[in-house]
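Atoms considered below: every heavy atom in the structure, side chains included; atoms not considered: hydrogens, waters and symmetry mates.
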Amino acid sequence: QVQLVESGGGLVQAGGSLRLSCAASGRPFSRRNLGWFRQAPGKEREFVAAISWSTDDTYYGDSVKGRFIISRDNAKNTVYLQMNSLKPEDTAIYYCAADPSGYYWRPAYDYWGQGTQVTVPS
C-alpha cells in the first residue's frame with residue numbers, strides 16, 4: 001500500500017515558478033514508477049510528467065515540455081515537479097501517482113494523491 005500527499009500548490013503570476021512535492025509512504029519507493037497529472041474544471045485528467053524507477057528516464061506531456069521538470073529523491077521518498085514559465089492554461093489540480101498499470105501517460109495508476117491546486121491568473 002502506498003499513500004501519496006502532494007504539497008506546494010498555490011497562486012502564482014504568469015511567468016512565475018512553483019515546485020510541487022509529493023511525499024510517499026510505503027515501500028519500496030525507489031522501485032516505483034511515478035507520474036504527475038493535472039485536471040482542470042470540465043476537462044479530462046491530463047498527463048504532465050513521469051519518471052522511471054529503473055533508469056530515471058523522464059517523460060513529459062507536450063504542453064509542459066521544456067518548462068516543467070520531474071525529479072525524485074529516493075532517500076526522502078519524494079517526487080517533485082518544478083514548474084517554470086507558468087501560464088494561465090496550467091491552472092488545474094495537480095495529482096501525483098504511483099505504479100502505472102499500463103502506459104505511463106494514461107491515468108491508470110494504482111495509487112493517487114489527493115491533489116494540490118495551482119492557479120495562474122490571466
Side-chain angles (χ1 to χ4, degrees):
Q1 192 77 344
V2 176
Q3 290 186 325
L4 304 170
V5 180
E6 302 96 334
S7 61
L11 189 149
V12 61
Q13 297 303 312
S17 299
L18 274 178
R19 189 177 79 157
L20 305 183
S21 300
C22 176
S25 63
R27 299 178 179 180
F29 177 83
S30 61
R31 291 182 176 270
R32 297 189 184 277
N33 293 322
L34 304 166
W36 285 96
F37 287 76
R38 65 187 183 186
Q39 189 164 19
K43 295 188 176 181
E44 295 185 350
R45 194 162 292 193
E46 176 190 12
F47 170 70
V48 175
I51 186 166
S52 165
W53 75 267
S54 57
T55 63
D56 270 350
D57 286 345
T58 56
Y59 309 91
Y60 297 93
D62 289 342
S63 61
V64 306
K65 204 171 293 183
R67 300 188 297 123
F68 290 12
I69 301 171
I70 187 173
S71 62
R72 64 193 298 162
D73 185 336
N74 290 335
K76 295 183 178 180
N77 281 10
T78 301
V79 60
Y80 303 98
L81 184 69
Q82 177 67 43
M83 306 186 295
N84 301 319
S85 302
L86 283 160
K87 305 174 182 179
E89 50 263 45
D90 294 319
T91 295
I93 299 175
Y94 283 71
Y95 299 90
C96 70
D99 294 355
S101 55
Y103 294 109
Y104 62 84
W105 62 83
R106 291 182 178 170
Y109 284 57
D110 289 343
Y111 303 101
W112 292 87
Q114 82 289 349
T116 186
Q117 177 71 47
V118 172
T119 302
V120 187
S122 55

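Enclosure of atom NZ in Lys65 by more than 12 non-hydrogen atoms of other residues, nucleotides or ligands within 6.0 angstrom is indicated. Atom CD of Gln114 has more than 12 heavy atoms from other residues, nucleotides or ligands within 6.0 Å.
When side chains are defined from C-beta on, Thr116 does not count as touching Ser7, because their heavy atoms never get closer than 4.5 Å. Put simply, the side chain of Leu34 does not reach to within 4.5 Å of the side chain of Cys96, judged on heavy atoms. Looking at heavy atoms from C-beta onward, Pro100 lies out of side-chain contact with Arg106 at the 4.5 angstrom threshold. Two residues are said to be in side-chain contact when any heavy atoms from C-beta on lie closer than 4.5 Å; Ser63 and Glu46 meet this criterion. Counting only heavy atoms from C-beta outward, the side chains of Trp36 and Met83 never approach each other to under 4.5 Å. No side-chain heavy atom of Tyr94 sits less than 4.5 Å from a side-chain heavy atom of Glu6. Residues Tyr60 and Arg67 are not in side-chain contact: their nearest non-hydrogen atoms beyond the backbone lie 4.5 Å or more apart. Contact annotation: the side chain of Val64 approaches that of Arg38 to within less than 4.5 Å [non-hydrogen atoms, C-beta and beyond].
A distance of 5.5 Å separates CG in Asp110 from OG in Ser101, rounded to the nearest 0.5 Å. To the nearest 0.5 angstrom, Tyr111 atom OH is 13.5 Å from Cys22 atom SG. How far CG of Asn33 is from CG of Asp99: 7.5 Å, rounded to the nearest 0.5 Å. Between the CD atom of Gln82 and the CD1 atom of Ile70 there is a distance of 12.5 Å, given to the nearest 0.5 Å. Note: Thr119 OG1 to Gln13 CD = 11.0 Å, rounded to the nearest 0.5 Å. In this structure, Leu11 CG and Gln117 CD are separated by 9.5 Å, a value rounded to the nearest 0.5 Å.
Of all heavy-atom pairs spanning Asn84 and Ser17, the tightest one is OD1-OG, 3.0 Å. Heavy-atom minimum distance, Pro88 versus Ser122: CG-CA, 3.7 Å. Ala40 and Ala92 make their closest contact through N-CB, 3.8 Å (heavy atoms, listed as atom of the first residue, atom of the second, distance). Taking every heavy atom of both residues into account, Gly115 and Ile93 meet most closely at CA-CG2, 3.8 Å. Minimum heavy-atom separation, Leu20 to Gly9: CD2-N, 3.6 Å. Minimum interatomic distance between Gly8 and Leu18 (heavy atoms only, all atoms of both residues): O-CD2, 3.7 Å.
In the hydrophobic clustering of this structure, Ile69 does not group with Tyr80; members are Ile, Leu, Val, Met, Phe, Trp, Tyr whose side-chain heavy atoms approach within less than 4.5 Å, directly or through other members. Follow the hydrophobic side-chain contacts under 4.5 Å out from Val48 and you never reach Tyr95; the two are in separate clusters. Trp53 and Val2 are assigned to two separate hydrophobic clusters, defined by single-linkage of ILVMFWY side chains at heavy-atom distances under 4.5 Å.
Under 4.0 Å is where a charged nitrogen must lie from a carboxylate oxygen, and between Asp90 and Lys87 no such pair does.
A side chain to side chain contact (heavy atoms under 4.5 Å, CB included) with Tyr59 is found for exactly one of Trp105, Tyr103, Phe47, namely Phe47.
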| message | Let's go through Phe68 and Leu86 carefully: what are the C-alpha distance in whole Å and the side-chain angles of both, what is the deciding distance for side chain to side chain contact (heavy atoms under 4.5 Å, CB included) to 0.1 Å, and is it a yes or a no? | response | CA-CA 9 Å; Phe68 290 12; Leu86 283 160; 3.8 Å; yes

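Taking the six-membered ring where tryptophan is involved, the planes of Tyr109 and Phe37 are perpendicular, since the angle between them exceeds 60° and thus also 30°.
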